[in-house]
Amino acid sequence: MKQIVIEIIENALKELDVSVPENLSTLIETPKDYTNGDFAFACFSLAKELKKSPQQIATDLRELMHNPPEEFEEIQTSGPYINFYLNRKLLAQNLIQEIKDKGNDFGSAEALNKKLVIEFPSPNTNKPLHLGHLRNMAIGESISRIAQANGYEVVRANLNNDRGVHICKSMLAYQRWGEGKTPIDAEEKSDHFVGDFYVKFAEELKKDSKLEEESQEMLKKWEAGDSEIIALWKKMNAWALDGFKQTYKKFGITIDKEYFESQIYKEGKDIILGGLEKGIFQKREDGAIVINLEDEKLGEKVLLRSDGTSIYITQDIYLAKVKFDDFNPDESVYVTGNEQEYHFKVLFSVLDKLGLTDKEKLKHLAYGMVNLPNGRMKSREGTVVDADDLISEIQSLVKKELEARDTLEEKELENRSLKISLSALKYFLLKVDVKRDMVFNPEESISFEGDTGPYCQYSYARASSIMRKAGEKPEVIYPEELEDKEAELILKINEFKKVVADAYRTMNPALVANYAYKLSQVFNEFYHSCSVIDSIYKGLRLELTDSFRQVLKNALNLLGIQVIEVM
RNA sequence: GCCCGGGUAGCUCAGUCUGGAUAGAGCACUUCCCUCCUAAGGAAGGGGUCGCAGGUUCGAAUCCUGCCUCGGGCGCCA
């Protein structure tokens with residue numbers, strides 16, 4: 001479409017005998033207000049050369065444009081602007097047909113034959129998931145879906161941080177005070193059961209500072225393969241992982257490939273030594289192997305300890321190689337908090353220098369912190385918002401709302417309330433630009449009105465309700481001119497494909513969330529100003545309603561939000 | 001000190017990449033609208049030195065420079 005506009009302008013400029021600006025394409029903008037058309041050309045830049053006012057130039061150019069092609073309804077001047085109006089009826093016809101044909105695939109690109117590996121949520125097995133993990137999971141799952149919609153085959157990989165001194169702390173506390181109980185005895189979700197001992201450890205540590213040392217000793221025993229410690233570790237890890245699995249399922253994320261730190265933490269040494277031989281790394285006087293990244297302003301970074309053991313980055317280098325060996329992806333994305341930005345800059349640089357992979361294939365998707373109104377979440381201070389608790393709290397609020405409206409069977413109440421709660425939560429976590437820190441206010445932030453997930457679901461449910469009550473579907477007749485709200489709805493639907501592409505390009509699900517909201521808003525306005533069932537244009541309006549339903553469903557799906565037919 | 005992000009309405013955020021037409025939402029506040037497709041909705045209203053100062057440009061919330069301020073990072077931790 002834009003190409004047609006460019007040609008029209010080019011031809012007019014030639015007739016005026018003006019040189020066509022090289023960047024003409026970027027000079028054509030999309031007006032913010034649809035009443036100013038769908039494309040616009042501002043004539044300011046020509047004023048100097050032509051020695052005429054931009055208004056006059058606009059008028060002159062418009063005259064040279066003659067009649068627009070059928071894709072456009074009209075071309076108008078508005079002061080110094082020339083505004084191009086799409087033929088909205090034609091656009092509506094085409095879109096309605098395309099949406100019908102493609103259904104759930106509307107907005108998705110053709111398969112690219114490219115693979116993307118995305119790493120998330122990568123929890124530690126010493127305590128349950130918290131609000132930060134929910135943001136991680138919401139983003140990871142959404143980016144996965146957005147990548148799929150952009151034609152990628154996606155592998156969701158999860159690195160379980162299942163070893164280390166923090167894990168030993170939970171284990172030590174259990175050994176000391178657990179009395180051999182199990183989560184079943186305690187009637188508690190198993191990862192929470194494990195987490196309780198992590199908290200217990202922190203409490204006891206205040207009274208007895210020797211515990212710190214003891215946890216270090218336990219780690220050494222674990223590394224030495226002490227059978228008793230390994231058995232304890234296996235038992236508690238299984239509890240933690242089993243609990244996570246339940247939360248993943250409830251929250252609606254899937255994982256294609258599980259990696260475990262315990263299986264890779266010793267690896268990577270050979271790669272580092274190889275790099276040393278090639279002269280990419282240096283051996284420092286104290287024996288540590290380092291890389292100098294001064295030219296990238298990243299300083300010097302240790303890659304292998306002087307005693308020859310691995311550190312975090314060593315195993316991450318190894319894991320990167322494993323992932324490339326396992327899947328040979330075209331892109332590899334890591335979803336983590338932005339406090340790890342430095343680590344990933346170094347990691348990517350090392351991988352690139354080693355020739356293990358191309359830097360362009362690597363992407364660190366760093367999201368901002370989730371803060372509470374009174375500051376940062378701190379697990380030691382017990383100010384962490386637990387993921388499972390949060391979900392069930394919101395769900396009970398939704399249940400109350402639902403019960404106030406209608407009497408539902410227990411199963412339906414459970415199902416519907418869960419979908420609504422997750423939409424509230426996911427939308428809330430995704431609507432903010434990924435890179436930004438966000439404030440989570442439990443009382444105020446999770447509301448069901450206005451710019452929220454439930455608002456979008458409500459709009460969908462209303463559209464569904466219209467479709468159910470529609471009865472017979474008369475032939476589609478187009479009026480002389482579409483109503484404002486009809487046209488607006490069509491134009492908004494028309495933006496979806498661009499949103500899908502932009503969301504991937506910028507790795508930002510917020511674009512989709514904001515779009516879903518805006519689309520819902522436009523539909524609600526349409527709904528209020530244009531009666532559907534009781535209209536001579538019932539056929540057309542039913543088509544518009546159904547198209548809206550499909551596109552909103554597709555948009556929400558990219559956020560991992562499931563629609564419901566009845567609210 | 002250096003590096004990376006933020007600073008837009010009372011609050012939470014869009015818009016900044018790719019400069020243009022009166023800077024947009026939601027919440028909160030003041031009014032309306034359920035005889036009519038679900039009021040978790042719609043309509044109207046008040047509320048802004050777009051952190052500050054320069055610069056580039058016909059035109060700057062948007063680009064450049066400096067400064068202020070908030071958060072994060074700069075471990076042989078993960």
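Computed from a predicted model, the values in this text were never measured in an experiment. Below, chain A is the first sequence line, B the second, and so on; all start at residue 1.
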Can a donor-acceptor pair be found between the side chains of [X] and [Y] at a distance below 3.5 Å?
{"X": "Gln282(A)", "Y": "Asn292(A)", "result": "no"}
{"X": "Tyr455(A)", "Y": "Asn524(A)", "result": "yes"}
{"X": "Asp270(A)", "Y": "Tyr318(A)", "result": "no"}

Please classify the nucleic acid contact of [X] as base, sugar-phosphate, or nothing, using heavy-atom distances under 4.0 Å.
{"X": "Pro31(A)", "value": "base"}
{"X": "Asp433(A)", "value": "sugar-phosphate"}
{"X": "Ile420(A)", "value": "base"}
{"X": "Ile311(A)", "value": "sugar-phosphate"}
{"X": "Phe448(A)", "value": "base"}
{"X": "Asn126(A)", "value": "nothing"}
{"X": "Arg541(A)", "value": "nothing"}
{"X": "Arg505(A)", "value": "base"}
{"X": "Lys345(A)", "value": "sugar-phosphate"}
{"X": "Val532(A)", "value": "base"}
{"X": "Ile313(A)", "value": "nothing"}
{"X": "Tyr517(A)", "value": "sugar-phosphate"}
{"X": "Asn36(A)", "value": "base"}
{"X": "Ala288(A)", "value": "base"}

Between [M] and [N], how far apart are the [atom1] atoms? Round to whole Å, please.
{"N": "C32(B)", "M": "C70(B)", "atom1": "C1'", "value": "42 Å"}
{"N": "U62(B)", "M": "C27(B)", "atom1": "C1'", "value": "27 Å"}
{"N": "A40(B)", "M": "G46(B)", "atom1": "P", "value": "27 Å"}
{"N": "G15(B)", "M": "G7(B)", "atom1": "C1'", "value": "15 Å"}
{"N": "U69(B)", "M": "C63(B)", "atom1": "P", "value": "23 Å"}
{"N": "A60(B)", "M": "A53(B)", "atom1": "P", "value": "15 Å"}
{"N": "G1(B)", "M": "U8(B)", "atom1": "C1'", "value": "31 Å"}

| message | Any heavy-atom pair between the side chains of His130(A) and Val385(A) that's under 4.5 Å? | response | no
Any side-chain heavy-atom pair from Leu293(A) and Lys345(A) closer than 4.5 angstrom?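 The answer is no; the side chains never approach within 4.5 Å.
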Considering Watson-Crick and G-U wobble pairs with both distances under 3.5 Å, what does [N] pair with?
{"N": "U38(B)", "answer": "none"}
{"N": "A21(B)", "answer": "none"}
{"N": "C2(B)", "answer": "G73(B)"}
{"N": "G59(B)", "answer": "none"}
{"N": "A53(B)", "answer": "U65(B)"}

So if I take every side-chain heavy atom of [X] and compare against [options], which nucleotide ends up nearest?
{"X": "Ser45(A)", "options": "G15(B), A78(B), C58(B)", "result": "C58(B)"}
{"X": "Ser465(A)", "options": "G72(B), C37(B), A14(B)", "result": "C37(B)"}
{"X": "Pro454(A)", "options": "A61(B), U38(B), A40(B)", "result": "A40(B)"}
{"X": "Leu511(A)", "options": "U38(B), G15(B), U22(B)", "result": "G15(B)"}

Comparing Met467(A) with Thr452(A), nearest RNA chain B nucleotide closer to 5' gives the residue Thr452(A)
Subject >> Which residue lies more 5' along RNA chain B, comparing Glu565(A) with Gln521(A) via nearest heavy atoms >> reply: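 Upstream on the strand: Gln521(A).
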Could you state the atom-to-atom distance from [atom1] of [X] to [atom2] of [N] in whole Å?
{"X": "Asn338(A)", "N": "C3(B)", "atom1": "CG", "atom2": "P", "result": "18 Å"}
{"X": "Lys435(A)", "N": "G72(B)", "atom1": "NZ", "atom2": "P", "result": "18 Å"}
{"X": "Phe84(A)", "N": "A21(B)", "atom1": "CZ", "atom2": "C1'", "result": "16 Å"}
{"X": "Tyr427(A)", "N": "A40(B)", "atom1": "OH", "atom2": "P", "result": "18 Å"}
{"X": "Leu298(A)", "N": "C2(B)", "atom1": "CG", "atom2": "P", "result": "16 Å"}
{"X": "Leu347(A)", "N": "G73(B)", "atom1": "CG", "atom2": "C1'", "result": "16 Å"}
{"X": "Leu46(A)", "N": "U57(B)", "atom1": "CG", "atom2": "C1'", "result": "15 Å"}
{"X": "Arg436(A)", "N": "C11(B)", "atom1": "CZ", "atom2": "P", "result": "13 Å"}

Return the orientation label for the Phe348(A) and Tyr334(A) ring planes: parallel under 30°, perpendicular over 60°, tilted otherwise.
tilted
Counting only heavy atoms from other residues, nucleotides and ligands, does the tally under 6.0 Å from CG of Asp534(A) exceed 12?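 No, not enclosed.
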(request) Assess whether side chain to side chain contact (heavy atoms under 4.5 Å, CB included) is satisfied between Tyr427(A) and Ile561(A), documenting all intermediate values. (result) CA-CA 8 Å; Tyr427(A) 185 88; Ile561(A) 293 174; 4.1 Å; yes
